[in-house]
Amino acid sequence: GQNIDQPTEMTATEGAIVQINCTYQTSGFNGLFWYQQHAGEAPTFLSYNVLDGLEEKGRFSSFLSRSKGYSYLLLKELQMKDSASYLCAVRDRDYKLSFGAGTTVTVRA
Amino acid sequence: IAGITQAPTSQILAAGRRMTLRCTQDMRHNAMYWYRQDLGLGLRLIHYSNTAGTTGKGEVPDGYSVSRANTDDFPLTLASAVPSQTSVYFCASSVIASGGNEQFFGPGTRLTVL
């Protein structure tokens, strides 16, 4: 099974940078995903890591260290619309996802 | 292109009643999933199907059943609803293959069992 931990809440100022950490313990790692979920809406895909290192996608970057069971999502140049929950999810060898409880990010003006 | 749809959007149900949540995708994805999302617990997998004709149990399968008669549809049935099944239910689909094939989520069904 999977055990996935991420902080419950984070607050940051518009234009700033926020880093959301995710640690996991897994049996059969097959990739790590980050999703964004606005209140009352469905989760939407942000990023995917399967090898160690940094993946950059515009204002969002995601990092993975498989040996440490650790990932982070970096949100740069924060905008008000980035206020949402961010979900870390680990995929197993059967292609099933296990999700962390999510980190609610509040962006303040 | 609709992607993935769910029905109903929301439902209030008396305990003990039978209920089927519908999920349809038009992306020809081979895999489909049902999750429930509860405050503080995140998304938990109920049942999944990697291909039409097969299903598997997730983390919290008790009280739920699914079927996968074809590629597009994956209904979730609560045989006799209980208040602890009050939740938001999301259906998702994906391609099963190596690489970053993400899951696409439907808009969700908000279910209240009284």
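Every chain is numbered from 1 and lettered A, B, ... according to where its sequence line falls, protein lines coming before strand lines. The analysis underlying the following values was restricted to heavy atoms, covering all of them including side chains, and did not include hydrogens, waters or symmetry mates.
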Original post:
Counting only heavy atoms not in B/L114, do more than 12 sit closer than 6.0 Å to its CG atom?
Top reply: yes
Original post:
In the single-linkage hydrophobic clustering (I, L, V, M, F, W, Y; side-chain heavy atoms under 4.5 Å), do A/V105 and A/M80 co-cluster?
Top reply: yes
**OP:** Say whether B/V95 and A/F33 are linked into one hydrophobic cluster, either directly or through other cluster members, by side-chain heavy-atom distances under 4.5 angstrom.
**Re:** no
**OP:** Using a cut-off of 6.0 Å, state whether more than 12 heavy atoms not belonging to A/E77 lie near its atom CD.
**Re:** no
**OP:** Verify the cluster assignment for B/L76 and B/L13: are they in a single hydrophobic cluster under the rule of side-chain heavy atoms below 4.5 Å apart?
**Re:** yes
Original post:
Highest number of heavy-atom pairs under 4.5 Å with chain B: which of A/G40, A/P43, A/A89, A/G31?
Top reply: A/P43
Original post:
Which atom pair, heavy atoms only, marks the closest approach of A/A101 to B/G40?
Top reply: CB-O, 3.6 Å
**OP:** Against chain B, label A/L97 side chain, backbone, both or neither, depending on which of its atoms sit under 4.5 Å from a heavy atom there.
**Re:** both
Original post:
Can you name the nearest heavy-atom pair linking A/A42 to B/G106, along with the distance?
Top reply: CB-O, 3.0 Å
Original post:
Do the side chains of A/L78 and A/I20 join up, straight or via other hydrophobic residues, at under 4.5 Å, putting them in one cluster?
Top reply: yes
Original post:
Can you tell me how far CG of A/L87 sits from CG of B/L43, rounded to the nearest 0.5 angstrom?
Top reply: 6.0 Å
Original post:
Same hydrophobic cluster for A/V90 and A/L73, using side-chain heavy-atom links shorter than 4.5 Å among ILVMFWY?
Top reply: yes
Between chain B and chain A, which donor-acceptor pairs sit under 3.5 Å apart?
| residue | atom | partner | partner atom | Å |
| --- | --- | --- | --- | --- |
| A/Y35 | OH | B/Q103 | N | 2.9 |
| A/Y35 | OH | B/Q103 | O | 3.1 |
| A/Q37 | OE1 | B/Q37 | NE2 | 2.8 |
| A/Q37 | NE2 | B/Q37 | OE1 | 2.9 |
| A/R91 | NH1 | B/G99 | O | 3.1 |
| A/R91 | NH2 | B/G99 | O | 2.9 |
| A/Y95 | O | B/Y33 | OH | 3.3 |

